[in-house]
Amino acid sequence: MTQRVAIVGIGQTNHSGRRPYHNDGEVIYDAISAALADAQLSIKDIDNVIIGDMELFEGHSLNDAMLLDYTGAEGRSGFKMNTGGTVGSMNVISGWYNVASEFSDTTLVIGWEKHDEGPTTSAITTIWDPAINRPFEVGAISGLAMISNAYMTRSGCPLEVGAIVRAQASDNAARNPKAHLRERYTVQDVMSARMVLYPLNLLMICPTSLGACALVLAGEKKARKINKKPVWIRDHATAHQVTRGMDFMAEAGKIDTSMTVTGRKIFQRNHITKPMEEIQVFEMYDPCAFCQPAWLEEFGLCEAGQGWRLIEKGVTAREGSFPVSPSGGTLCTNAIGDTATVRVAEAALQLRGDAGEHQVTREVKMALASGYGGMYWTDLLLLSNTLD
Amino acid sequence: MANEVVKKEPMFTEGYVIMPYKYSVGTLASKFFIEIRDHKKINGVKCPKCNIVIVPPRSVCIKCFNKIEDLVELSGKGTLVTYTVAHYDSAVQAMKPPYAIGVIKLDGADTAITHFIGEVDFKELKAGMKLEAVFNETRNANILDIKYFKPVKNKG
Ligand SMILES: [Zn+2]
């Protein structure tokens with residue numbers, strides 16, 4: 001009682017910093033309408049609805065109930081995901097379980113956020129243990145700053161590599177009409193931005209955006225009927241992790257990071273021995289500029305200490321041999337609840353050849369998409385455009 | 001007036017939520033904070049099965065899922081694993097920027113603790129530097145009884 005699962009509809013709103021005329025339900029409805037149009041389906045064809053965002057970011061909770069009329073969930077089954085930063089990819093994975101199990105044949109997956117409506121740093125600070133960490137942390141960024149600094153120390157990665165990553169992301173985002181920050185920056189521009197939390201300056205951290213992304217998932221038989229270019233969810237892995245790898249036990253090699261665990265599972269299970277050759281593009285959830293170099297290593301895509309050197313050589317650029325986040329990534333667009341859904345959507349567009357101006361130059365047959373957050377948690381999905 | 005532009009105004013509903021909380025720190029952390037308050041001692045907890053020493057205290061071992069019940073005394077000195085300097089200001093921060101936050105691995109512990117780093121020139125911050133805890137005069141059995149960690153001065 002299992003079936004293969006494909007993405008058959010992709011819809012994404014434009015992302016921006018503010019959209020005062022629209023409420024959250026209207027933003028979500030735009031993404032759903034686009035996904036249904038892409039699949040040439042109507043809401044009547046949908047069995048099941050999965051939705052998720054960051055709790056309290058808009059000053060209200062139980063959003064699946066409040067926004068039910070906008071999401072098309074009336075009378076249908078479904079779940080609300082609430083896993084922090086990974087919520088957007090857990091939505092997709094939850095959708096996969098629903099379709100793969102044949103519990104439903106079509107599932108609508110929705111990730112969204114309207115960052116302009118609430119105090120996101122205050123809301124995100126509530127994720128820290130009140131007795132132990134809360135007085136010291138600054139939203140999500142202090143943790144990212146400390147793992148970035150640790151990566152620079154252990155690998156010898158210079159500060160400039162963070163600026164290369166951001167400059168590259170800006171060029172990608174400039175080509176992507178759905179991205180939020182679309183201004184082009186040089187490495188020098190990035191280096192001279194205002195310091196926020198050392199080593200991260202204002203351009204090296206993700207923005208707070210507003211937007212929604214919706215996907216339609218379908219079982220194999222139905223998928224082939226619906227869409228000429230179904231994108232298959234070949235595999236997925238999730239690893240949870242205690243705060244900062246229990247404050248760096250991972251660093252000391254005593255436990256594996258969530259990237260290492262998920263990368264190893266995906267590559268082993270799919271007999272992938274040379275991931276940077278067998279896989280052609282990676283839409284990574286990269287909330288700060290040092291995530292790409294550090295996590296290329298931790299996912300097992302390259303040797304330890306090589307991540308930043310590959311970036312210096314241009315390997316991860318849109319025209320490179322292993323493009324990372326050709327959409328501009330999380331560094332340019334971050335409506336948190338939709339961020340990881342967008343990673344899956346963008347990887348799927350690359351596989352379909354439908355990414356437009358930010359389509360990579362390499363032919364894409366297999367792609368990775370990741371989600372990150374919660375507390376150093378990772379989701380990793382392997383997608384392909386054939387079932388060979 | 002066929003070309004009249006109708007000006008739209010976006011309308012908002014504004015409000016705020018006050019969310020007080022009172023969090024039970026737990027059996028082992030209660031002992032941990034009382035030791036800090038009464039004796040200015042930072043303890044770790046030791047897993048009886050795999051012997052790893054965890055600080056700040058957790059009642060379950062992250063490696064083997066065994067229950068932990070005992071504290072072990074640590075020296076209050078340690079090594080800086082990584083750090084950041086905050087130049088950003090928001091309503092939820094405990095201090096006015098700029099200030100340094102570090103992840104400190106106490107001698108004898110396998111994990112590390114996050115805290116402020118004080119009495120330091122930010123330019124001198126470096127992973128691997130030796131730090132020691134400084135305690136507040138008035139202590140209330142919470143994590144801020146430790147004022148900050150400061151660099152250990154080289155003798156001679
Ligand atoms: Zn143990």
Side-chain angles (χ1 to χ4, degrees), chain A residues 18-23 56 59-61 117-126 128-139 141-154 194-202 205 241-252 254-255, chain B residues 8-17 19 21-26 29-30 32-33 50 52 54-58 62-63 81-95 97-105 109-116 122 125-128 142-144:
Chain A
R18 284 174 57 72
R19 206 168 148 187
Y21 289 101
H22 298 88
N23 72 12
L56 289 175
H60 57 85
S61 51
E117 299 199 336
T120 53
T121 298
S122 307
I124 223 169
T125 296
T126 65
W128 298 104
D129 185 321
I132 302 294
N133 303 91
R134 200 174 288 183
F136 314 112
E137 305 293 347
V138 186
I141 305 298
S142 51
L144 292 170
M146 289 201 272
I147 63 172
S148 296
N149 198 359
Y151 173 70
M152 288 164 67
T153 304
R154 86 169 169 264
R194 178 168 62 83
M195 188 55 71
V196 178
L197 279 142
Y198 177 83
L200 303 177
N201 69 33
L202 194 61
I205 54 181
Q241 180 153 55
V242 286
T243 307
R244 217 148 35 229
M246 197 61 166
D247 284 329
F248 291 86
M249 273 217 294
E251 187 90 334
K254 294 194 174 168
I255 52 172
Chain B
K8 287 198 291 179
E9 286 179 77
M11 302 309 291
F12 302 93
T13 296
E14 290 189 64
Y16 57 93
V17 179
M19 199 172 65
Y21 59 85
K22 186 173 169 182
Y23 179 76
S24 289
V25 301
S30 292
F32 169 84
F33 285 124
C50 67
I52 65 164
I54 298 171
V55 63
R58 308 296 280 179
I62 189 65
K63 279 192 88 174
V81 178
T82 185
Y83 65 90
T84 181
V85 179
H87 298 274
Y88 176 79
D89 200 5
S90 72
V92 294
Q93 283 161 253
M95 248 199 252
Y99 61 91
I101 319 163
V103 172
I104 302 123
K105 191 162 169 293
D110 290 292
T111 69
I113 186 167
T114 305
H115 217 291
F116 301 122
F122 299 145
L125 286 167
K126 203 172 180 218
N142 64 47
I143 199 72
L144 294 173

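Note that this is a predicted model, so its numbers are computed, not measured. Here is the naming used below: chain letters follow the sequence lines, and residue numbers restart at 1 for every chain.
- With a threshold of 4.5 angstrom between heavy atoms, A:Arg18 approaches chain B through side-chain atoms but not through N, CA, C or O.
- For A:Asp129, the part lying under 4.5 angstrom from a heavy atom of chain B is the side chain only.
- With a threshold of 4.5 angstrom between heavy atoms, B:Tyr23 approaches chain A through side-chain atoms but not through N, CA, C or O.
- Partner of A:Asn149 under the side-chain contact (heavy atoms from CB on, under 4.5 Å) criterion, out of B:Val103, B:Thr84, B:Val81, B:Thr82: B:Thr82 alone.
- Here B:Tyr88 is the residue among B:Tyr16, B:Phe32, B:Tyr88 with the most heavy-atom pairs under 4.5 Å with chain A.
- Contacts between A:Ser148 and chain B at a heavy-atom distance below 4.5 Å are absent for every atom of the residue.
- Interface remark: of the candidates A:Gly118, A:Pro135, A:Gly59, A:Ala145, A:Pro135 forms the most heavy-atom pairs closer than 4.5 Å to chain B.
- Only the side chain of B:Met19 has a heavy atom closer than 4.5 Å to any heavy atom of chain A.
- Looking at B:Tyr21, the atoms closer than 4.5 Å to chain A (heavy atoms on both sides) all sit in the side chain, from C-beta outward.
- Residues B:Val25 and A:Ala131 come closest through the heavy atom pair CG1-CB, 3.4 Å.
- In this structure, the separation between CE on A:Met146 and OG1 on B:Thr114 is 5.0 Å, given to the nearest 0.5 Å.
- Rounding to the nearest 0.5 Å places CD1 of B:Ile113 at 6.5 Å from CD1 of A:Ile132.
- The six-membered or imidazole ring of A:Phe136 lies near that of B:His115, with a centre-to-centre distance under 6.0 Å.
- How far OG1 of A:Thr153 is from OH of B:Tyr83: 7.0 Å, rounded to the nearest 0.5 Å.
- Proximity to chain A is limited to the side chain of B:Phe12, based on heavy atoms less than 4.5 angstrom apart.
- With a 4.5 angstrom heavy-atom cutoff, B:Leu144 touches chain A only via side-chain atoms.
- Taking B:Phe33 as the reference, nothing meets the ring pair (Phe, Tyr, Trp, His ring centres under 6.0 Å) condition, with sequence neighbours excluded.
- In terms of the side-chain contact (heavy atoms from CB on, under 4.5 Å) criterion, residue partners of B:Ala100 (sequence neighbours excluded) are, by chain and number, B:Val85, B:Ile117, B:Phe122, B:Leu125.
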Taking it one step at a time, do B:His87 and A:Leu197 satisfy side-chain contact (heavy atoms from CB on, under 4.5 Å)?
CA-CA 6 Å; B:His87 298 274; A:Leu197 279 142; over 6 Å; no
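- For chain A, no part of B:Ala29 is nearby; none of its heavy atoms comes within less than 4.5 Å.
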